[in-house]
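Fair warning: this is a prediction, and the values are worked out from it, not measured in the lab. Just the heavy atoms: all of them, side chains too, but no hydrogens, waters or symmetry mates, feed the values below. Both counts, for ligands and for their atoms, begin at 1 and track the order of listing.
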Amino acid sequence: MHLLLVEDDERLARALTRLLEEDRHVVEHAPDGRTGLDLVTALDGLDAVILDIGLPDMSGLDVARAIRKAGVDVSILMLTARDTVNDRVTGLDAGADDYVVKPFAYQEVSARLRALARRAEPGPRRAQPKLTAGRIELDEAARRVTVNGSAVDLSPREFSLLEALLRHAGMTLTRDQLLDHAWPFSVSVTPNAVDAYVHYLRTKLGEAGGQIETVRGVGYRLADG
Ligand code: CA
């Protein structure tokens, strides 16, 4: 996809651009809202804008409204630092197609972009990517987890952690590896916090929670069946 990233945090912008480019996206970067708006109208064939809400010159919400007002047909994925229902609703009201809450795992952004690309694509929908191990099934595009077919309600962090474990099912991951995979941009999660999130996750997964095995002195492994 041809993407425009509007993000003032240089470090995050660099890291995200690198990962997006590894996934073969073409990425333009704007460090503020005004530059972002100029690029949206100047660039031809832009597929999606990844738009931070907290920008130095204007709110990402205002940027989204301006893009919609100008009638530009482009998908908007909002990055919000505040995990509250109100901000999500406001972002969607402002014209965003979807949102990701900071701190996020790159896989989350990647899955959202795939979903936006599918929506924008004419014709029949492609099959959704699903990760499974034993009784656990995770639908990345729908952000839905089920155990034996029953939905399990996970927080974004628990979801990212389970996604990382499922991607490496059967393999032992250290706490640091889990941090890198599940929350690469997060500064507020420490290796010790991984233990706490694993505990929450096991509890929420109920009988399937036992599939997350502790590898003493190393980390965790998700049993593959
Ligand atoms: Ca920001």
Side-chain angles (χ1 to χ4, degrees), residues 1-23 25-43 46-70 72-117 120 140 143 154-161 163-164 179-190 193 197:
M1 296 170 86
H2 189 188
L3 305 172
L4 170 64
L5 172 63
V6 187
E7 169 62 73
D8 59 312
D9 179 336
E10 282 295 331
R11 192 170 152 265
L12 173 58
R14 265 200 309 275
L16 192 49
T17 298
R18 184 173 55 78
L19 290 165
L20 288 165
E21 285 176 348
E22 278 173 12
D23 269 355
H25 295 293
V26 176
V27 186
E28 323 279 347
H29 174 233
D32 57 67
R34 177 49 54 192
T35 310
L37 270 179
D38 287 347
L39 284 173
V40 166
T41 43
L43 292 169
L46 204 57
D47 296 304
V49 182
I50 302 174
L51 182 57
D52 186 29
I53 283 194
L55 294 167
D57 55 341
M58 60 198 286
S59 159
L61 296 169
D62 291 332
V63 175
R65 286 189 195 100
I67 291 172
R68 292 304 175 222
K69 201 172 165 207
V72 180
D73 183 24
V74 67
S75 299
I76 300 176
L77 178 65
M78 204 75 113
L79 303 180
T80 168
R82 292 155 294 184
D83 186 5
T84 71
V85 173
N86 275 345
D87 287 326
R88 294 176 184 187
V89 172
T90 311
L92 298 175
D93 283 350
D97 296 283
D98 210 340
Y99 58 85
V100 171
V101 178
K102 286 181 177 179
F104 50 79
Y106 173 68
Q107 290 92 321
E108 196 173 340
V109 172
S110 176
R112 292 308 173 114
L113 287 173
R114 281 198 299 276
L116 289 178
E140 295 191 294
R143 308 280 306 160
L154 298 182
S155 72
R157 284 196 174 165
E158 290 157 359
F159 187 93
S160 296
L161 179 61
E163 196 174 28
L179 278 183
D180 284 348
H181 287 297
W183 307 292
F185 304 112
S186 174
V187 289
S188 59
V189 182
T190 64
Y197 283 108

Return the name of the atom in D8, of element N, O or S, nearest to the Ca ion (ligand 1). OD1
Which is the closest N/O/S atom of D52 when seen from the Ca ion (ligand 1)? OD2
Any N/O/S atom, backbone or side chain, of G54 lying under 3.0 Å from the Ca ion (ligand 1)? yes
Quick one: [atom1] on [X] to [atom2] on [Y], what's the gap to the nearest 0.5 Å?
X    : Y    : atom1 : atom2 : answer
E108 : R143 : CD    : CZ    : 4.0 Å
T80  : Y99  : OG1   : OH    : 9.5 Å
H2   : D47  : NE2   : CG    : 8.0 Å

Carefully, step by step, assess D38 and T35 under the rule side-chain hydrogen bond (donor to acceptor under 3.5 Å, both in side chains). CA-CA 5 Å; D38 287 347; T35 310; 5.8 Å; no
